[in-house]
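Computed from heavy atoms alone, side chains included, the values below leave out hydrogens, waters and symmetry copies.
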Amino acid sequence: MESNSDSECDLDFLDELSSPEPSFYLSHHLSTTTDNFMNFDTEDEIFTSQESDDEDEASSQGDENLQDNLQFSQEIPPVPDIQDPLIDLNLEDELYSPSRQYRATPSTWNWTSCENYSPREILFNEDNQGWSFENETGKEFTPFELLLKTFPLELLDLCVTETNRYAANIISMARKPSRRMQAWKPISQNELWKFLGMKLMMGLNRKPDQSNYWSKDLLFHQSIFADIMSSDRYFEIMRYLHFANNDDMIPGDRLFKIRSVVNILNSTWKSLLKPSLRLSIDESLIGFKGRLLFRQYNPLQRDQIGIKTFSVVDALTGFVLNTIVYSGKGHQLKYSSKDFGYGGAIILELIEPYLGKGHHLYADNWFTSPNLVNELKLRDTLMCGTVKRTLQNMPKSDTKKMKKGQIRPFCSNNVLVEYWQDRKSASIISTIHSHEMVPIKPRHGAIVMKPKSVADYNLYARGVDQADMMISYYSPQRKSMKWTKKVFFHLFMRAIKNSFDIRKSLYGKIPFLPFVLDLIREMIMLDPKQAKNSQNSQQHLRLQPGKHFPALNLVTSSKATGYRRCVVCSSSKKRKMTKYHCSLCKQALCVTPCFEAYHTKQNF
């Protein structure tokens, strides 16, 4: 590329930077020529030079007037003057182009066979771990109080505000608003809690269709749902449930409609717990088969098609600390996927708040690589995980002829790789363990010898899978055309699981089901005795003899004639209007024969 006055950039200011190590998006271009330094893609361009007449004047002003020398094509922070090239930037405010991503520290890998390898030890301060809140009252937290810690009122306010905004927009744009649209009333916090409590109840009591929860068929009937909320109101809230203002949509941001929910929950969860020594990272798949650009397919997951998420979990408590929702190939990352692999770049972003503290990290072979493990080691974070033998910089060894129980250890740059042959071949990479074999007692059979790295990996690397397993027992997920609702209810169940982990850590282990039941009772504000007897209360009332008298329906603004649909005719899928109702049951009924049938027949 030929240089000219319009494309040249004065690099003399780099000599005046006081930091011995420049910023991460400039450090990898220092050794290049001026032409190469300016060779950015149009989409990812960082800056362009001003007119050549201004360059001489700007370069003489030094570091103070550096910004006068540059025009930024997009708003980015000034060049930081720090020692550490790892800079904590906000992913939501910055788009990380490949030219600005953090690159791996160059390393030369010379693998040698080693039997007496000893890992580098990094001190972890065990006093700096635990919950960040205190129980000032001295009383035991209720399930609902714990949920408010993991699912804050800030998020509930967001859902209420955006749901009401979205409903108002839809109704105002309708050419002929339906009767239900005209009758819409804004939801409140209490009503949304009841709605979420009903969703949990539906997870406990699965029925073929959501309308079955309001069915009067004795095989489906549960009056508690109708006591809490009418079916019309429930489906209205479900229709308008929303989490972002569409008027503020950012072009190209695929996660805009759910990003605020993810950000609030992540910041809340990270503030609640200072994690213990061991962390684990894995992926999850939220089942979704609708139209979506970043929908993924994974045959190894329970839901093979859906939305992929990545999470980091504290191995001691099972508490989910941070979650990333994957938005496809266009997902912007701070770290170079070319150097660390895509999984490695995800890991560095997930555990960025915990780097440099001596944590031990466990992950599977989708994430691990020699470059990633080495980079974490330089950041005072140790790692263990399975690894693919075909990766670049991995030791070469013919493992096809290995016999069961045979192991081959290799080491380089204080990194250990072990090829171990069991029923299947396993490859482990670790900066935590030395090369040693330990006895393991399986569920059935005799004691077997396994590498210590394999034993610890099996013990600590399943935090995300265990969390997903628990929330799947009582999941409220239903088929939906809106992927945002799928993600929201998944994160809502994660919040419940986190609140259960707090309860378990503070007061000892209890089953998950009683915790969920107590939580539902508080969410719908229902007394346990009332919940026990409410299922048959309406049934007993209508069949109780005496005090049932027909009365005229009241004339209201929405019912100007006073006519309402007969409940008995409606149960037979007949639309018949009547001006009478039962004065005790408050149900609209035809005087004959429906009034008698309703009060005398078990199944009218």
Side-chain angles (χ1 to χ4, degrees), residues 113-119 121-122 124 126 129 275-284 300-302 311-320 358-368 373 382-389 397 399-411 415-473 497 500-501 504-505 507-513:
S113 179
C114 55
E115 297 287 343
N116 300 317
Y117 167 78
S118 296
E121 295 185 3
I122 299 176
F124 175 77
E126 295 185 356
Q129 63 177 345
S276 60
L277 173 64
R278 299 175 182 89
L279 305 173
S280 66
I281 289 181
D282 207 348
E283 63 181 33
S284 302
L300 301 179
Q301 295 284 346
R302 178 185 178 187
S311 303
V312 55
V313 175
D314 176 47
L316 180 63
T317 61
F319 192 89
V320 178
H359 286 287
H360 292 183
L361 180 64
Y362 292 84
D364 62 30
N365 60 12
W366 195 86
F367 301 92
T368 55
V373 172
L382 304 183
M383 184 176 186
C384 173
T386 56
V387 64
K388 297 176 183 177
R389 300 181 185 180
S397 178
T399 59
K400 295 182 179 179
K401 298 180 180 180
M402 291 176 61
K403 298 180 180 179
K404 184 176 180 179
Q406 186 177 355
I407 184 170
R408 295 178 182 174
F410 301 89
C411 56
V415 176
L416 173 68
V417 170
E418 294 174 305
Y419 294 155
W420 178 58
Q421 185 67 34
D422 193 37
R423 286 178 296 179
K424 294 183 179 180
S425 180
S427 304
I428 297 289
I429 188 169
S430 176
T431 52
I432 303 172
H433 304 91
S434 59
H435 172 56
E436 61 176 314
M437 305 293 286
V438 294
I440 301 295
K441 180 67 172 69
R443 292 182 180 178
H444 307 285
I447 294 177
V448 296
M449 300 297 293
K450 292 186 178 181
K452 183 70 164 59
S453 56
V454 174
D456 283 354
Y457 173 81
N458 291 337
L459 186 61
Y460 300 120
R462 302 301 179 213
V464 176
D465 292 338
Q466 291 172 356
D468 290 341
M469 178 184 65
M470 290 193 67
I471 66 177
S472 68
Y473 293 154
K497 169 62 171 57
F500 174 73
D501 290 330
K504 184 174 58 175
S505 174
Y507 310 118
K509 291 185 178 181
I510 62 169
F512 190 40
L513 179 58

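Side chains of I510 and F500 form a contact here, defined as non-hydrogen atoms less than 4.5 Å apart. Put simply, the side chain of I407 reaches to within 4.5 Å of the side chain of P451, judged on heavy atoms. A 4.5 Å side-chain heavy-atom check between T386 and I428 finds at least one atom pair inside the cut-off.
Shown here for P409 and C114, the closest heavy-atom pair between the two residues is CG-O, 2.9 Å. Between A455 and I440, the shortest heavy-atom distance links the atoms CB-CD1, 3.8 Å. When every heavy atom of E283 is checked against every heavy atom of V464, the shortest pair comes out as O-CG1, 4.1 Å. Minimum heavy-atom separation, G318 to D501: O-OD2, 3.0 Å. For the pair Y117 and P119, the tightest heavy-atom approach, listed with the atom from each and the gap, is OH-CA, 3.6 Å. Contact record, K403 with Q421: O-CB, 3.3 Å, taken as the closest heavy-atom pair.
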After noting the C-alpha distance and the side-chain angles of K497 and V320, does the key distance pass the side-chain contact (heavy atoms from CB on, under 4.5 Å) rule?
-> CA-CA 9 Å; K497 169 62 171 57; V320 178; 5.7 Å; no
Quick one: do D314 and L279 satisfy side-chain contact (heavy atoms from CB on, under 4.5 Å)? Show the steps, please.
-> CA-CA 5 Å; D314 176 47; L279 305 173; 4.3 Å; yes
Kindly indicate, with the supporting measurements, whether the criterion side-chain contact (heavy atoms from CB on, under 4.5 Å) is fulfilled by M383 and I432.
-> CA-CA 6 Å; M383 184 176 186; I432 303 172; 5.6 Å; no
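The environment of K441 atom NZ is dense: over 12 non-hydrogen atoms of other residues, nucleotides or ligands sit within 6.0 angstrom.
Taking CG from L316 and CZ from R278, the interatomic distance works out to 9.0 Å, rounded to the nearest 0.5 Å. Atom OH of Y460 and atom CG of L361 lie 14.0 Å apart (nearest 0.5 Å). The CD1 atom of I122 lies 11.5 Å from the NE2 atom of H359; values are rounded to the nearest 0.5 Å. Atom-to-atom distance recorded for W366:CH2 and I281:CD1 is 11.0 Å, nearest 0.5 angstrom. For the atom pair M437 CE and S453 OG, the distance stands at 9.0 Å (nearest 0.5 Å). Atoms OG and OH, from S430 and Y362 in turn, are 7.0 Å apart once rounded to the nearest 0.5 Å.
Checked against S397 for a side-chain contact (heavy atoms from CB on, under 4.5 Å), the options R389, R408, M402 give a single hit: R408.
Under the 3.5 Å distance criterion, the side-chain polar atoms of Q466 are left unmatched by any main-chain donor or acceptor of G463.
Residues passing the salt bridge (Lys or Arg N to Asp or Glu O under 4.0 Å) test with K452, sequence neighbours excluded: D456. Residues passing the ring pair (Phe, Tyr, Trp, His ring centres under 6.0 Å) test with W420: none are found, sequence neighbours excluded.
Residue pairs that meet the ring-ring contact (aromatic ring centres under 6.0 Å, His included) test with at least one member in residues 426-445, sequence neighbours left out, do not exist here.
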